[in-house]
Each structure stands twice: as C-alpha cells, then as structure tokens.
Novice: 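Submitted below is the structure of interest, expressed as structure tokens.
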Amino acid sequence: MINEQTLRQWWHIFKDDSKLVEVRILGKFAYSGYYKNIDKLIEDIKPYEDMSDEQIYFTLNDIDDGCYGRLQSEKIVKQPKQTTNDNNITHRSWVLIDYDPVRVAGINATDEEFELAHKKAQQVFLYLRKCGFSDPVICKSGNGWHTVYKVDMPNTDEVRDLISNFLQSIALMFTDPKVDIDESVFNAARICKLYGTTAKKGANLPERPWRMSEIVYVPEELKPTDISLFQAVANLLPKEEPKPTLPYRGGTGEAFDLERFLNEHNVQYKKESCAKWTKYVLDHCFFNPEHKGKDAAIIQMASGAIKYTCLHNTCQQHTWQEVRQMLDPHAYERQYQPQQYQSQQRLPQQRQQQPTIKPETAELGKKWFSMKDIAKVNINELEGFKTGYTELDKAIRKLFFSSLVIVSGTNASGKSSWLNSLMLNAIQQSQKCALWSGELRPDILKTWIQMVAAGKEFLRQGNNGKYWYVPDDISKKIDDWTDGKFFLYNNEYSNKWEQIFADMQELLAVGVRIFILDNLFSLDIDVFDGDSNKKQKELINQLVEFKKKHKAIIILVAHPRKTTSFIRKTDISGTSAIIDAADYIFILHRVNNDFRKSGGEFFGATNIQKFFEFSNVLEVSKDRMMGTQDYLVGMYYEIESRRFKNTNDEKRIYGWRDDIGQQQDMFAEPVEDKPGTVVTDDGLPFAASTDDAVPF
C-alpha cells in the first residue's frame, strides 16, 4: 500500500508541484518513468508497490526537461534504454545524508537497528546545526533515516567533489560499527527512496518488518544552506598528502606508526577500521576531558594522512599536530640523520644548545607539589575587575588578572566603543589602564572616551544638530579624574613591537596592570623571525609570559577573516596560537539583518530572537576560568554618548561627578542566573525545555 498523502507532500516539497522527476523501480527488473503529473505518477506506481521485491525511488535533483521526451514519458517502462545520468542534471537542489544500520545484506532492519540509525541522524543534525546549517527535511527511509538539505548549487565537477568530500568528512566523524553513513550518494543523478512507499529489503518478518518511508519533519522555512558551510566541513577531511614520514625515532627512516605511538604514550582508545581509514576512538577529548564517549577520535586514512577530531564546536580548531606535540613535545624538531650518513657530511661547528635543567631551589620552591603544599583559594577573592555589564559579570564573575583577552568582531560591530566603556569601568574600580591604538588620532580618541564618561545628559548638541560634544568644564573634570589612571600611547614612537613592549614595561612602575592593544594587525612584529604565523605565535608567547609575570590583563583586538557566516572564534585571523593561549575570547556582533539570519542559523531562531531588541550583542566564546562559552549578552548602544549600556534608561555615574554619592552599584556581585535557560555540555544555550532541540 502506498501513502498517497505522503506522496503529495513529497511532490510539493521536493519538486515544487511541477518539476520533472524520474521514478525508478528496482527489483527483479528495472523500470523507469518520467512525470510532471503527480496524479498519473501515483496511479502508475500502485501495482509495483504490491510486489514483494520492487523498491521505488526518485531522482533528487533537477532534470533537463529534454528527458521528458524519452519513451517513458508519463508511463512506466520495463528495462528502459536510458535513465537519468549526471549529465542530465541541470542544477543541484538537495544534498542527502543516508544513515543505514549495518546488517546482513538483503534483510530489513530490526526496531533496535532502526533506532540506532535514528540516534545517529540526530547527532549529525545537531552537529551541522551548530556549524550553521539550515534545518533539513528529515525522513524515514524505511530501514534507516535521511536528512536532506536544501541547497542552491550548480552541477559541476567541483561541486561533485565538494559533496563527496563533505560526505566522507561526516562519515569519518560519525560512522561506527553499527550505523553506516553512505559516502556514495554524492552524484548529481542520485536516486532516493520515494517517501510514501514501502521499504522491502527481504522477508516481512515480525522482528524485521517492512516499513513505510515517511517525511518526519519539514522546517517552517526551508532555506538553502550556503555552499561555504559544506566546504568548511569538507575541509576537515584529512589531506591525502603529505604522508607522515617523519622518522619515528632519531633518524632511523622508519615510517611513523600511529598505533605504536599511541600505545607507547598510554593513550586509551577503541579501534574501528574499514578499507578507507582506521579510527582510534578516544575515551575523552585531549583538549576538554568533559567531551567523552565517542566524541573524540584520531583517524588515519589509507594514504597515511592523520586527523584529530572532536565533535564539539569548541574543539574544531585543534589538529593532530597539536595532539602529537602534546604527547611528544619534540615531535617536529629537526631530526639528525643516521650516524653513518653524518660521517660523510661536514658536521656543524656548533650543535644546538641543550636546554638548561634547573635544579630545585628555595627561591623557586618544590618542583612537585602535594595537595597540602598548595594554598586553598576562593575564586571570588582572586584579583580582577567587573566589566560593568550585568549579564556578562554573571557569566564570568570578573576579568581576572594574569589573563589574555581577545576581542574580535566585524567592522562597525562596536569593538572600540565597547573597550572605551570597559576602560572607564575599570578606572571606576581604581584600576589603571594603558591603550595602544594604531588606528586613531589621540585627540579623536580622547573625544570619544570623554563622551562615554560624560553620558548623554552632560553632552551638548552642536549648532547644526548633527553632532554632540563635551563642554569644556566637564572635559576638565574628566581629565582630572583620569589623570594618572589612563595612559594613551603616542604613535609617533612607531608601531614597532619592540618599542611598544619596552614602553609597556615602564608603566608597570606606576601601577598599570591593564594593557589594551588595538589591534594585532597594526603592530609591526618583524622583530620576530619566520612567516606571519610564526611571528604572531612568538608575540603571543611574549604576551602570555608578560601577563603571568606581572599579573596583568592584556586585551588584544584581532579582526576576523572575511566570512559570510556567523563569526566564530575560529574565524579570528592569524595563527591558532591566539585562540589556544587566550583566557577569554569576546566577539562583538551588531544586531542587523546578518546577525538575525546567521545567528538564528547557529543558535536557533527561537533562542536568537530575544536579542533582537538590543543594538549589539557580546558573545563569550571562551572563558578559561569559569568555563562559559557561546554565551550571549545583549547591550544597548547610545549614539549620542557612544556608551554601551545594560538598559536603555541606565544612567552610569563615573567618579568625575560631584554627586558621586549617587553612584549606582554596577559592580556588585552578580545574582543567580535566571531560571529558564540551560546550557548544553558544548555551551550552547537552549530554552529550558529542550524537547524541541532535536525536532525528530
């Protein structure tokens, strides 16, 4: 029996009630028919649905109308001379991910096997949603599950290869011994189970029954997923070259043996293999031990290429090279050649200097602490300062000293204005700040900072009504209040890092412990050797050493790469050392049409909607101290004063004012989080009721 209602739903969703489709029937014989009339299609396939070994399929993508003139136009033909091939597809409208339980060929799935495929489809659905993918059409194929993504792609060789790599990448991450993700469904003329017909892979047994294929979920708005997101997932596939040929042990020439390496370093894993790859499924992620189960794995392709993967978005940037260096810090140092070969070479006059091994001293203390040696600390008593943004301080408690803070966001997202507010909030708490800005004139910057300090009620409007300014008497009070607490670098002394760094150290003597560098890409860091990534890594290492040694806070502005999707921390330009070394990463978003669309795709439309009332949103992308991530804080931007505020009617009172006794307690301890919001183990906020997190 067919389900006519489901068939008409399929026709509406996948063929827009009008597009040409080929129906393919496979079993003892092959049959084909081309249709533009759904009533005729339904009538013609009914006899084949009652046959025990005939399965009914349809072509997913858009067919050249010329095929309608073939012999099987509006009828079913046995053993047709031609059926749809890849060259007959004019456009790709769908990408299929097929989840099929592993079992003996030619039999139906048990209920238990069918449910395993269901759970696998849910995992991939959530992963891709977090990657920014629009929700797919979700279907039961009968013995497994389908997630079918709407796309708008040409039918080219490049797109074919992209979809193939995308499916391979998904299969590498999610395929296991019980559920297979089909890597072969990448071709343009792909046929798919016709929803509303029965899956009949074998005998119709109670424990392995025939099942009707169904359409389970259709998004309210069926939006194409951008091709760049498929490319991003495809890029996670291990590269076929170069093969890892670094000597395993000092110059023996022996090829790298991954399994031996893992065993020697006591890495716990479960091994899964197929012809294309070997997967070492880890007990937990190397970079976040809370990511357990089957979330993390090391995968080696048949070519020898190796990839580290963790399914959580917060770990996507990590690589196999990082894991190897974590286990063997000298893994990628230059290896000496075998001794017998060296004897034929002219030896260097000076070998690499051996590292100095420090003996234990009273000054440095014990080399290894016992728990009794370490003083207990109350996190609330650690030094830091409140940001002044209520929701942000609830999440992170405060910005703690000895921290590297990365601030990013697109142009016009409000980075500089937010930092100006943050500096004044720090000064209000008796902290001293220094700012290097390689982009703005000192007089312009002073004007903007003073506008924030004054607030709208103390500003005056220019004669033409097009601008606001700080009156002279207020400006003088702000100058007096910030004197000795705020220092702005004179750019005439150059943007060379060695000069700026030396001058930063001078400010330590007057009590400055908050340093803001705006921005990374305006710094001249040629003092370091190597390419740009290596130079940036050396810079970051120096900043980390500085903030630890002097218990300082370094705030570094780093612009993102150009991207058409919702900005993530992995979009920050430069070396990955920036992300790895940061204690905090904040991303500023402007609430515009791009935010509403892209933010909704990432966090879900319902969750993002509550931020539409704000002008800007700050995202906590990383917080090493409290573990907060993917946490959004809405803020109101006051155009006149250039202030970021907690509420539209907030009147922040800074210390330059005579009525300081009226100061609002904006730096009080945060109250408990509001009920009604939960955070997943990956840091993504959902509504308190998570039943709709996976809609199938």
Side-chain angles (χ1 to χ4, degrees), residues 1-15 21 23-27 41-42 45 48-50 52-60 94-103 105-129 133-150 167 170-171 174-176 178-182 184-185 190-220 222 691-696:
M1 289 289 292
I2 64 171
N3 186 322
E4 186 170 330
Q5 182 178 354
T6 299
L7 280 165
R8 293 187 183 279
Q9 183 187 18
W10 156 79
W11 178 251
H12 177 69
I13 294 168
F14 288 92
K15 297 301 169 184
V21 65
V23 170
R24 196 90 52 84
I25 304 172
L26 303 177
L41 185 155
I42 292 173
I45 66 173
Y48 301 91
E49 176 70 355
D50 295 333
S52 61
D53 57 353
E54 312 311 288
Q55 307 264 32
I56 307 177
Y57 302 89
F58 76 99
T59 47
L60 266 173
W94 302 95
V95 171
L96 167 68
I97 306 179
D98 182 5
Y99 314 86
D100 200 32
V102 176
R103 61 198 188 281
I107 64 174
N108 299 303
T110 64
D111 289 345
E112 181 182 3
E113 290 167 341
F114 185 71
E115 182 56 26
L116 288 173
H118 178 204
K119 289 179 178 177
K120 187 65 64 178
Q122 289 178 324
Q123 292 172 15
V124 176
F125 168 86
L126 283 176
Y127 170 75
L128 292 178
R129 177 187 265 184
F133 279 56
S134 300
D135 280 5
V137 179
I138 298 163
C139 308
K140 297 178 182 179
S141 64
N143 285 302
W145 287 73
H146 291 168
T147 52
V148 195
Y149 286 85
K150 182 72 173 172
L167 291 173
I170 291 294
F174 291 95
T175 288
D176 61 36
K178 294 184 177 179
V179 180
D180 179 61
I181 294 175
D182 193 343
S184 68
V185 297
R190 171 55 44 185
I191 59 173
C192 177
K193 186 66 180 175
L194 180 58
Y195 307 116
T197 65
T198 306
K200 300 166 286 186
K201 282 288 180 75
N204 188 11
L205 303 175
E207 65 273 19
R208 292 187 179 276
W210 293 353
R211 294 183 186 85
M212 181 68 69
S213 59
E214 304 174 25
I215 298 173
V216 175
Y217 168 75
V218 182
E220 289 184 12
L222 194 53
D691 294 340
D692 63 346
V694 181
F696 65 102

Novice: Within the side chain of Trp210, is there an N or O that forms a donor-acceptor pair under 3.5 Å with the backbone of Gly202?
Specialist: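 Answer holds: yes.
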Novice: Please find the pair of heavy atoms, one from Phe114 and one from Gly144, that lie closest to each other, and give the distance.
Specialist: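 Here Phe114 and Gly144 meet closest at CE1-O, 3.4 Å.
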Novice: For a side-chain contact (heavy atoms from CB on, under 4.5 Å) check, start with the C-alpha distance between Phe133 and Val95, then their side-chain angles and the critical distance, and finish with the verdict.
Specialist: CA-CA 12 Å; Phe133 279 56; Val95 171; over 6 Å; no
Novice: What do you reckon, is CD of Glu112 surrounded by more than 12 foreign heavy atoms closer than 6.0 Å?
Specialist: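 Counting neighbours around CD of Glu112, 12 or fewer heavy atoms of other residues, nucleotides or ligands fall under 6.0 Å, so no.
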Novice: So Val216 and Lys140, do their side chains get closer than 4.5 Å, heavy atoms only?
Specialist: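 SC-SC contact between Lys140 and Val216 confirmed.
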Novice: Does any part of the side chain of Pro101, heavy atoms only, come nearer than 4.5 Å to the side chain of Leu116, both counted from C-beta?
Specialist: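 With C-beta onward as the side chain, the pair stays apart.
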Novice: Closest approach of Gln55 and Ala199, non-hydrogen atoms and distance?
Specialist: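 Heavy atoms of Gln55 and Ala199 come nearest at OE1-CA, 3.5 Å.
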Novice: Against the six-membered ring of Phe58, is Arg24 placed for a cation-pi contact (under 6.0 Å from the centre, within 45° of the normal)?
Specialist: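 Not flagged: Arg24 not positioned over aromatic ring of Phe58.
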Novice: Go through the structure and list residues passing salt bridge (Lys or Arg N to Asp or Glu O under 4.0 Å) with Asp100, not counting sequence neighbours.
Specialist: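 So Asp100 forms a salt bridge (Lys or Arg N to Asp or Glu O under 4.0 Å) with Arg103.
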Novice: Has the side chain of Asp182 got a donor or acceptor atom that lies under 3.5 Å from a matching backbone atom of Asp98?
Specialist: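 Pair absent, no side-chain N/O of Asp182 close to backbone of Asp98.
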Novice: Between Arg190 (side chain) and Ser184 (backbone), is there a donor-acceptor pair under 3.5 Å?
Specialist: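 Present.
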Novice: Is NZ or CZ of Lys120 both nearer than 6.0 Å to the six-membered ring centre of Tyr99 and within 45° of the ring axis?
Specialist: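 Here Lys120 fails the 6.0 Å and 45° test against Tyr99.
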Novice: Are Asp53 and Lys201 within salt-bridge range, i.e. N to O under 4.0 Å?
Specialist: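 No.
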Novice: With the side chain counted from C-beta on, respond yes when Phe14 and Val137 share a heavy-atom pair under 4.5 Å apart, and no when they do not.
Specialist: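 Yes. Closest side-chain heavy atoms under 4.5 Å.
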Novice: Quick check on side-chain hydrogen bond (donor to acceptor under 3.5 Å, both in side chains): which of Thr198, Asp111, Asn204 does Arg211 satisfy it with?
Specialist: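 Exactly one candidate clears the test, Asp111.
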Novice: Any donor and acceptor pair, going by atom type alone, linking the side chain of Thr6 with main-chain N or O of Tyr195 inside 3.5 Å?
Specialist: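 Flag not set: sc Thr6 to bb Tyr195 has no pair under 3.5 Å.
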Novice: Dump the intermediate steps for side-chain contact (heavy atoms from CB on, under 4.5 Å) on Ile170 and Leu128, then the final yes or no.
Specialist: CA-CA 9 Å; Ile170 291 294; Leu128 292 178; 3.9 Å; yes
Novice: Which distance, rounded to the nearest 0.5 Å, do you find between the OH of Tyr217 and the CD1 of Ile138?
Specialist: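 Tyr217 atom OH to Ile138 atom CD1 measures 6.5 Å (nearest 0.5 Å).
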Novice: Please report the C-alpha distance between Phe696 and Phe125 in whole Å, then the side-chain angles of each, then the deciding distance to 0.1 Å, and finally whether the ring-ring contact (aromatic ring centres under 6.0 Å, His included) criterion is met.
Specialist: CA-CA 10 Å; Phe696 65 102; Phe125 168 86; 5.5 Å; yes
Novice: For the residue pair Val148 and Pro136, establish whether any side-chain heavy-atom pair is separated by less than 4.5 Å.
Specialist: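 Of all side-chain heavy-atom pairs linking Pro136 with Val148, none is under 4.5 Å.
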Novice: Could you pull out the closest heavy-atom pair between Val185 and Leu96, with the gap in Å?
Specialist: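 So the minimum-distance heavy-atom pair works out to CG2-O, 3.4 Å.
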Novice: Within the structure provided, determine whether Val23 and Tyr57 are in side-chain contact (heavy-atom separation under 4.5 Å).
Specialist: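 Not touching, per the 4.5 Å side-chain cut-off.
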Novice: What are the two closest heavy atoms between Val102 and Val179, and how far apart are they?
Specialist: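 Smallest heavy-atom distance, with atoms named: CG2-N, 3.9 Å.
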Novice: Is the shortest heavy-atom distance from the side chain of Cys139 to the side chain of Glu214 under 4.5 Å?
Specialist: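 Not touching, per the 4.5 Å side-chain cut-off.
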Novice: Work out which heavy atom in Tyr149 is nearest to a heavy atom in Ser134; give both atom names and the distance.
Specialist: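 Shortest heavy-atom contact: CE2-O, 3.3 Å.
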Novice: With side-chain contact (heavy atoms from CB on, under 4.5 Å) as the criterion, how do Ile2 and Ile56 come out once you've worked through the C-alpha distance, each side chain's angles and the decisive distance to 0.1 Å?
Specialist: CA-CA 11 Å; Ile2 64 171; Ile56 307 177; 5.5 Å; no
Novice: Got a salt bridge between Lys178 and Glu113, using NZ or NE/NH1/NH2 to carboxylate O under 4.0 Å?
Specialist: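 The answer is no: the pair does not qualify as a salt bridge.
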Novice: Sequence neighbours excluded, which residues qualify as side chain to side chain donor-acceptor pair (under 3.5 Å) partners of Ser141?
Specialist: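 None.
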Novice: In the structure I gave you, are the side-chain heavy atoms of Leu26 and Ile191 within less than 4.5 Å of one another anywhere?
Specialist: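 Result yes, sub-4.5 Å side-chain heavy-atom pair found.
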Novice: Measure from the side-chain N and O atoms of Ser213 to the backbone N and O of Thr197, and report whether any donor-acceptor pair falls under 3.5 Å.
Specialist: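 Indeed, once roles are kept as given, a pair shorter than 3.5 Å links the two residues.
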Novice: If you compare all heavy atoms of Arg129 against all heavy atoms of Pro695, which two are closest, and at what distance to 0.1 Å?
Specialist: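 That would be NH2-CD, 4.4 Å.
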Novice: Among side-chain atoms of Gln9 and His12, is any donor-acceptor pair under 3.5 angstrom?
Specialist: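 There is no such pair between these side chains.
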Novice: Does the ring center of Tyr127 lie less than 6.0 Å from the ring center of Phe174?
Specialist: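 Judged by ring-centre distance (under 6.0 Å), Tyr127 and Phe174 do meet the cut-off.
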Novice: Could you tell me whether the side chain of Lys15 and the main chain of Val21 form a donor-acceptor pair under 3.5 Å?
Specialist: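 Not confirmed, Lys15 side chain does not pair with Val21 backbone.
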Novice: For a 4.5 angstrom cut-off between non-hydrogen side-chain atoms, does Leu205 reach Asn108?
Specialist: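 Counting from C-beta outward, Leu205 and Asn108 never come under 4.5 Å.
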